[in-house]
Student: 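Structure below; questions to follow.
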Amino acid sequence: MTKKPLVIVSRKLPDPIETRMMELFVTRLNLTDTPFDRDALGSAMREANVFVPTVTDRIDAEVLAEAGPKLKLIASFGTGVDHIDFAAAKKRGITVTNTPRVLTEDTADMTMALILAVPRRLVEGERLIRSGTWEGWGPTLMLGHRIHGKRLGIIGMGRIGRAVARRARGFGLSIHYHNRKRLHPEIEEELEATYWDSLDQMLTRMDIISINCPHTPATFHLISARRIAQMQPHAYIVNTSRGEVIDEAALAKALRNRDIAGAGLDVFEHEPAIYPDLVKLDNVTLMPHMGSATIEGRIDMGEKVIVNIRTFCDGHTPPDRVIDTMF
Ligand code: 8YV
């Protein structure tokens, strides 16, 4: 492919990234940051050599059917690739890349923040102050639950899951996990992590559950109504991965009925729409998909996108090429 490909970027990226892209490629930026509709996605598919989408672009088979012969690379800005129909892209000979590793620590920080915020009722406390109705300290006011000594069950022990485990140990949580594959014994030992082959068995015994697995066909609604019913009434659930991993309607029902104690959600099944009941409940903390929202992280992600485009255009395999085994 030409060394100066036409790169179409679907959203506004940090300035230093956009500037560098303008220097390196024939780049079409989205200065207004308005998310692409189906027509805009279709035009990008037809015109670009390289398309740079984000999680807000649904690149399904129908959109990919619009791809012209020039489109060779989809260099996604983000780690999750569930917004791209990878099989359809592959069939058309389009390479897909993502930006793993650079948002691990930020996402783990957000996960830990929610693990602390929900049982300790941070957002409720803040709302009380702002409501102007706080009457001062009270021995039974705003009582939450202790973190130290509790059991944390991590679903998905990849890079982010392990980074959460490292943080959680510092807060005195004992680490449990369920994963497609058991970790290497050395890592298990380092994290003092207990492996559960059976997710059902783990769910019944945990005080806090953290979702850190990707959304794939195998993990869609992994946390179903049946599984939520297995959790203990005092248990909390935190999700910084993808909304689709939890049956959001079933979760809202369980939270409303106090079948579980609370939830911290950074991601939702139908973003930006949120299951209406969730916004009415005070035992859930809601974040607008901010897990990796640091300027450092976003610049690192952009740099990865640039490296992926450059290596691909130079005729090499890009470092972050998405492959079948990720699904
Ligand atoms: C990103 C994310 O900000 O990378 C991911 O998978 O969920 C987010 O943290 C977003 O996807 C960017 O496209």
Side-chain angles (χ1 to χ4, degrees), residues 7-14 16-18 21 29-30 33-36 40-41 44 50-60 63 73-86 89 96-114 155-156 158-164 210-217 219-220 222 238-246 248 264-274 286-309 318-323 326-327:
V7 177
I8 298 182
V9 183
S10 78
R11 299 295 300 269
K12 169 100 192 75
L13 302 183
I17 297 304
E18 292 192 340
M21 285 180 129
L29 301 173
N30 177 357
D33 200 28
T34 313
F36 279 18
L41 281 176
V50 177
F51 182 50
V52 179
T54 73
V55 69
T56 56
D57 303 298
R58 184 135 302 280
I59 321 283
D60 54 22
V63 167
L73 175 65
I74 295 177
S76 194
F77 181 88
T79 298
V81 284
D82 54 329
H83 56 297
I84 302 169
D85 186 331
F86 177 73
V96 177
T97 59
N98 65 343
T99 64
R101 289 177 291 279
V102 289
L103 38 71
T104 303
E105 304 303 330
D106 294 329
T107 308
D109 284 343
M110 179 59 83
T111 309
M112 200 62 226
L114 287 172
I155 300 176
R159 284 182 292 266
I160 296 173
R162 295 198 296 266
V164 170
S210 175
I211 311 287
N212 297 106
C213 61
H215 165 221
T216 66
T219 65
F220 175 76
L222 184 70
V238 163
N239 189 5
T240 54
S241 162
R242 282 291 181 272
E244 289 91 335
V245 178
I246 303 183
E248 204 168 283
L265 307 174
D266 185 48
V267 286
F268 304 89
E269 214 180 320
H270 305 288
E271 290 179 18
I274 300 193
L286 307 167
M287 290 287 143
H289 200 145
M290 282 167 60
S292 70
T294 67
I295 183 63
E296 296 88 346
R298 292 288 148 84
I299 288 176
D300 290 348
M301 287 159 76
E303 276 167 1
K304 267 191 166 284
V305 167
I306 291 171
V307 170
N308 283 320
I309 298 174
D320 305 310
R321 188 165 65 100
V322 173
I323 49 173
M326 292 180 184
F327 299 90

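Each ligand, and each atom within it, is numbered from 1 in the order the structure gives.
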Student: Pick one: which of T107, T111, D109 meets side chain to side chain donor-acceptor pair (under 3.5 Å) with T240?
Tutor: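 When T107, T111, D109 are each tested with T240, the side chain to side chain donor-acceptor pair (under 3.5 Å) holds only for T111.
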Student: What residues, two or more places apart in sequence or in another chain, satisfy side-chain hydrogen bond (donor to acceptor under 3.5 Å, both in side chains) together with E296?
Tutor: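 Partners of E296 under the side-chain hydrogen bond (donor to acceptor under 3.5 Å, both in side chains) test: none.
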Student: Any donor-acceptor pair under 3.5 Å linking the side chain of D266 with the backbone of M290?
Tutor: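 Yes: the side chain of D266 pairs with the backbone of M290.
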Student: Could E269 and R242 be called an ion pair, given the rule that one side-chain N must be under 4.0 Å from one carboxylate O?
Tutor: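 No salt bridge links E269 with R242.
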Student: Check ligand 1 for N or O atoms under 3.5 Å from a protein N or O and list each pair with its distance.
Tutor:
{"unit_1": "ligand 1", "atom_1": "3 (O)", "unit_2": "S292", "atom_2": "OG", "d": "3.0"}
{"unit_1": "ligand 1", "atom_1": "3 (O)", "unit_2": "R298", "atom_2": "NH2", "d": "2.9"}
{"unit_1": "ligand 1", "atom_1": "4 (O)", "unit_2": "T79", "atom_2": "N", "d": "2.6"}
{"unit_1": "ligand 1", "atom_1": "6 (O)", "unit_2": "T79", "atom_2": "N", "d": "3.4"}
{"unit_1": "ligand 1", "atom_1": "6 (O)", "unit_2": "G80", "atom_2": "N", "d": "2.7"}
{"unit_1": "ligand 1", "atom_1": "6 (O)", "unit_2": "R242", "atom_2": "NH2", "d": "2.9"}
{"unit_1": "ligand 1", "atom_1": "7 (O)", "unit_2": "R242", "atom_2": "NH1", "d": "2.7"}
{"unit_1": "ligand 1", "atom_1": "7 (O)", "unit_2": "R242", "atom_2": "NH2", "d": "3.2"}
{"unit_1": "ligand 1", "atom_1": "7 (O)", "unit_2": "H289", "atom_2": "NE2", "d": "2.9"}
{"unit_1": "ligand 1", "atom_1": "9 (O)", "unit_2": "S292", "atom_2": "OG", "d": "2.6"}
{"unit_1": "ligand 1", "atom_1": "13 (O)", "unit_2": "V55", "atom_2": "N", "d": "2.9"}
{"unit_1": "ligand 1", "atom_1": "13 (O)", "unit_2": "F77", "atom_2": "O", "d": "2.5"}

Student: I'd like to check the side-chain hydrogen bond (donor to acceptor under 3.5 Å, both in side chains) partners of T34; sequence neighbours left out, ordered by chain and number.
Tutor: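 side-chain hydrogen bond (donor to acceptor under 3.5 Å, both in side chains) list for T34, sorted by chain: T32.
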Student: Sequence neighbours excluded, which residues qualify as side-chain contact (heavy atoms from CB on, under 4.5 Å) partners of E105?
Tutor: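 Partners of E105 by the side-chain contact (heavy atoms from CB on, under 4.5 Å) criterion, ordered by chain and then number, come out as A163, R167.
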